[in-house]
Amino acid sequence: MSIQKPSLPKGTRDFGPSQMAKRNFILDTIKDTFKLFGFQQLETPSMENLSTLTGKYGDEGDQLLYKILNSGDFLKNVKEEHLQEGVSAVLPLLAEKGLRYDLTVPFARYVVMNRNDITFPFKRFQIQPVWRADRPQKGRYREFYQCDADVVGTDSLICELEIILMIKRVFAKLGLTDYSIKLNNRKILTGLSEVIGESGREGELCVAIDKLDKIGWEKVQEELSQRGFSSASIEKLSPIIQLNQNNLSKLEFLKSFLASSETGLKGIAELEEVFGLLETYGENQSNIDFDVVLARGLSYYTGAIFEVKVNNVSIGSVSGGGRYDNLTGVFGLEGVSGVGFSFGVDRLYDVMEELGLFPESNMDRTKVLISYFDEKGYAYGLMVLSKLRGAGISSELYPDQTKMKKQITYADKKDIPFVLVLGDNEISERKVSLKDLKTGIQELMDLSTAVEKLKQSL
RNA sequence: GUGAUUGUAGCUCAGCUGGUUAGAGCGCUGGUUUGUGGCACCAGAGGUCGCCGGUUCGAACCCGGUCUUUCACCCCA
């Protein structure tokens, strides 16, 4: 076999020790927060039956699904006539499994399969990778982690409140301050399409209007008229586009704008209630931005819609979610309403890296390295090692008998702040020499004293 | 899926209109220092120039394909 340069599949990454330390910092923060709010963890398999996945994400989504080739003779069911019918006829014969595309659909599947054992309302969180076969670019990977928290089986707007609170907590813990939680309600968008005389077309309206930030009002108008919206309808939208006030005045304005739409008013009422709950809870409206033109594409949202953007960075949204009335309907369980959202860890990582928010020193490093010169030191060192670990101090013994220089260099490279030197003097006096690599100071002391010093120094 | 873009040492990058043996800095290994890292000095290792093919007397350089990187569109975390 010839030697080959190893490489990674497009859009995937390794995470080395220093990256993992940072990722865990984010992951742990999110996990703690979910738990604090009473969510319980769920994990589902990386692969699902393809039939579970297909048809849930639209035509484009289906194309982005990774399909898993059947084991064994995967061609055995394929006949000539299938080949002539094209890919869509052949695919189900070749692959019956696929990699999960998000965490929401597997969750819905789980809820349906376990409906008799689940106590509703069910609050679950799930932190696992998902896979999408699209072209990688900035902040977009083919394998990435999602951190979902969903509540199913209740219409209560407390859930919306809790989502906002969790986002605020996570961001505060991560040290992110300049961000906005964009908030809207699908019912408001429905109302909007009714009021401008294009009722039932809020889907298309959303797709176009969602780009306002990116391409501007002019271009959005163009797109709308290309999609067949009348110029009169488009004209009616313009006061909405120019809305630029605080959340409450925006709500007031829309109350009159949407006066003729029952659905629209319902959306407003829901949002008002969420703001009310926020105040009752004792939290302010900082970082929360009612954004009338926020329109996340996913077709299943029916109520609140969220999206979180960090300002002044080149990464897109780092979190998003919303309420869906009938998540489990496609799997035969009707009437289960839910609301959920997701953090994109990989994007949060990129954002924090761009803003330089990670602490400088390695976050989970060994505290002390034990170095020695000979067999005697090796044995003495093992005893010391056991004492250190017993005291909860993260420590290691240099595995090979080698020069002091090499051992200390190792500690230095690994960012280990302390070295215990064990030579003949130390052994005969039953003591240790503790060297602080930062200051270079080395002192002879009892092991118990060293343990205390190491415990104190964070 | 569409349109661009990138690829030379472990890393960041030089490399002239195509011309002998492809360079630098950092890093790495060893030494100056057989009980001590960072600093300094000395020495050394390390490259199928992404891959395949073509043009040419001759290709890192030109052409085609392919993979990869990055970016935009679509869509999305």
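A, B, ... follow the sequence lines: proteins, then strands. Residue 1 opens every chain. Quantities reported herein were computed from a predicted structural model and do not represent experimental measurements. Side chains included, hydrogens not; waters and symmetry mates left out as well; all remaining heavy atoms used.
In this structure, A/Arg347 places its CZ atom 8 Å from P of B/A77, rounding to the nearest Å. Between A/Ile305 atom CD1 and B/A77 atom P there is a gap of 12 Å when expressed in whole angstrom units. As rounded to whole Å, 18 Å separates atom P of B/U36 from atom CG of A/Leu434. Rounded to whole angstrom, the span from the OH atom of A/Tyr141 across to the P atom of B/U69 amounts to 12 Å. Put simply, CD on A/Gln137 is 15 Å from P on B/G1, counting in whole angstrom units. Rounded to an integer number of Å, the gap from A/Ile370 CD1 to B/U36 C1' is 16 Å. Here the P atom of nucleotide B/U36 and the CD1 atom of A/Ile441 are 18 Å apart, to the nearest Å. One can place CZ of A/Phe373 at 18 Å from P of B/U33, the figure rounded to the nearest angstrom.
A donor and an acceptor atom sit less than 3.5 Å apart, one in the side chain of A/Asn425 and one in the base of B/G35. A donor N or O paired with an acceptor N or O is not found under 3.5 Å between the base of B/G35 and the side-chain atoms of A/Gln407. Judged by atom type and distance alone, A/Arg140 reaches the base of B/C75 through a side-chain donor-acceptor pair under 3.5 Å. Interface remark: the A/Arg135 side chain does not form any donor-acceptor pair with the B/U69 base, using a distance-only criterion of under 3.5 Å. Under 3.5 Å, the side chain of A/Gln442 and the base of B/U36 form at least one donor-acceptor pair of N or O atoms.
Taking 4.0 Å as the cut-off between side-chain N and carboxylate O, A/Glu96 and A/Lys67 do not count as a salt-bridged pair.
OP1 or OP2 of B/G30 lies within a sub-4.0 Å distance of a side-chain N or O belonging to A/Lys406. Taking side-chain N and O atoms only, A/Lys211 has a distance below 4.0 Å to OP1 or OP2 of B/C74.
None of A/Phe107, A/Phe34, A/Phe341 except one satisfies the ring pair (Phe, Tyr, Trp, His ring centres under 6.0 Å) rule with A/Phe125; the exception is A/Phe34.
Rounded to the nearest 0.5 Å, atoms CD (A/Glu354) and CE (A/Met352) are 12.5 Å apart.
The closest side-chain heavy-atom distance from A/Asp346 to A/Phe15 is below 4.5 Å.
A centroid separation of less than 6.0 Å is found between the aromatic rings of A/Tyr378 and A/Tyr372.
A/Asn326 pairs by the side chain to side chain donor-acceptor pair (under 3.5 Å) definition with A/Glu334, not counting sequence neighbours.
In this structure, A/Tyr398 and A/Tyr410 have perpendicular ring planes: the angle between them is above 60°, well past the 30° mark.
By the 5.5 Å and 30° criteria, A/Phe144 is stacked with the base of B/A77.
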- Note on the structure: Under a 4.0 Å heavy-atom criterion, the protein footprint on nucleotides 39-46 of chain B, written with B, S and -, is --------
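Pair assignment for B/A40 gives B/U32, based on Watson-Crick or G-U wobble hydrogen-bonding distances that are each under 3.5 Å. Remark: B/A14 base-pairs with no nucleotide; criterion is Watson-Crick or G-U wobble with both hydrogen-bond distances under 3.5 Å.
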